[in-house]
Amino acid sequence: MNETVQPETVDADRAVLDHFESTIAHDQRIEPRDWMPEKYRKTMIRQIAQHAHSEIIGMQPEGNWITRAPSLRRKAILLAKVQDEAGHGMYLYSAAETLGIDRGEMTEMLISGRQKYSSIFNYPTPSYADVGVIGWLVDGAAICNQVPLCRSSFGPYARAMVRICKEESFHQRQGYELLMTMMRGTDTQREMVQESVNRWWWPSLMMFGPPDEQSPNTEQSMAWKIKRHTNDELRQRYVDMSVPQAEALGVTFPDPELRWNAATGHYDYGQIDWDDFNRVVSGDGPCNAERIEHRRSAHEDGAWVREAAIAYADKQAARTKTAA
Ligand SMILES: [Fe+2]
Ligand SMILES: [Fe+2]
């Protein structure tokens with residue numbers, strides 16, 4: 001905009017901004033056709049792409065066990081779960097595309113490290129109990145994070161989240177059911193479950209992101225209603241929900257400071273190792289390189305499918321044109 005701008009342009013700009021702000025203030029949805037500040041658009045692209053990438057990369061740790069599931073029933077359950085995660089990734093890429101970016105671009109940004117995914121998927125899955133613990137704790141933490149996003153101010157994201165959350169809660173229950181079965185089994189199976197819980201508990205707490213005082217974008221995101229609760233609020237809710245579930249299961253969390261606090265009405269918990277978190281986020285986790293390498297080769301192996309689909313669509317379009 002320059003000095004000679006016409007008064008009616010300023011009024012028009014103010015009118016669209018007012019419309020955006022009043023839509024948010026009235027808890028209504030911003031839709032792709034609506035005007036939105038560039039920073040809102042960029043923030044939404046980053047948030048949705050990061051979520052989509054997490055669903056897709058998140059297929060790998062559990063996918064690791066599909067060929068070695070202990071029974072046909074467990075294999076069918078695991079296949080369906082991993083396939084659900086692919087579906088979540090697809091909805092979310094579609095939601096991001098309404099903001100003017102395409103999924104090819106997002107995949108490139110993921111592979112080149114310019115967009116992130118949840119660090120939780122950079123940990124290995126050496127035991128079958130990990131399949132149950134991921135369902136229970138990782139999908140459980142995802143639900144805590146995502147249920148409030150069903151009320152995100154951006155319409156396509158909020159609507160995708162409704163269906164995704166229903167499927168995530170099913171994942172959580174199937175994970176818990178697997179663990180219940182193992183806990184009713186042999187001592188070795190019970191030890192497998194406890195050993196897996198010991199590895200996943202702290203990383204699952206890190207899924208809520210850095211402490212509030214170190215989360216610079218929280219304030220703006222809450223003002224835009226693309227975030228409804230702070231990281232620490234959601235983390236506390238998750239701890240409060242998980243402790244009774246662990247008791248019912250017969251496992252313990254590896255935190256000697258974890259105890260009920262009658263004064264606050266919440267469980268207190270120990271100090272999270274944020275150095276470890278930062279190390280994994282910045283690319284030095286146990287499986288970062290492997291996850292991206294796998295994604296890159298899958299994308300390259302799929303190039304012929306994308307080319308064939310485009311060639312077919314072109315042929316169809318030419319045929320429709322000729323017929324018309
Ligand atoms: Fe998912
Ligand atoms: Fe899930």
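Order of appearance sets the numbers: ligands from 1, and atoms from 1 within every ligand.
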Q: For the Fe ion (ligand 2), find the closest N/O/S atom on His171 and give its atom name.
A: ND1
(Q) Between the Fe ion (ligand 2) and Glu85, which N, O or S atom of the residue is the nearest one? (A) OE2
(Q) When you group the ILVMFWY residues by side-chain heavy-atom contacts below 4.5 Å and let the links chain together, are Leu99 and Met109 in the same group? (A) yes
Q) Applying the 4.5 Å side-chain criterion to the ILVMFWY set and letting contacts propagate, would Val162 and Ile226 be lumped into a single cluster? A) no
Q.
Using 0.5 Å steps for rounding, measure from the CE atom of Met207 to the OG atom of Ser54.
A. 8.0 Å
Q: Measure the CD1-CG distance between Ile57 and Asn122 for me, rounded to the nearest 0.5 Å.
A: 8.0 Å
Q.
To 10 degrees, how wide is the angle OE1 (Glu168) to the Fe ion (ligand 2) to OD2 (Asp139)?
A. 90°
Q.
Main chain of Glu31, side chain of Asp34: is a donor-acceptor contact present, judged purely on distance under 3.5 Å?
A. yes
Has [X] got an N/O/S atom less than 2.8 Å from the Fe ion (ligand 1)?
X      : result
Glu55  : yes
Glu167 : no
His88  : yes

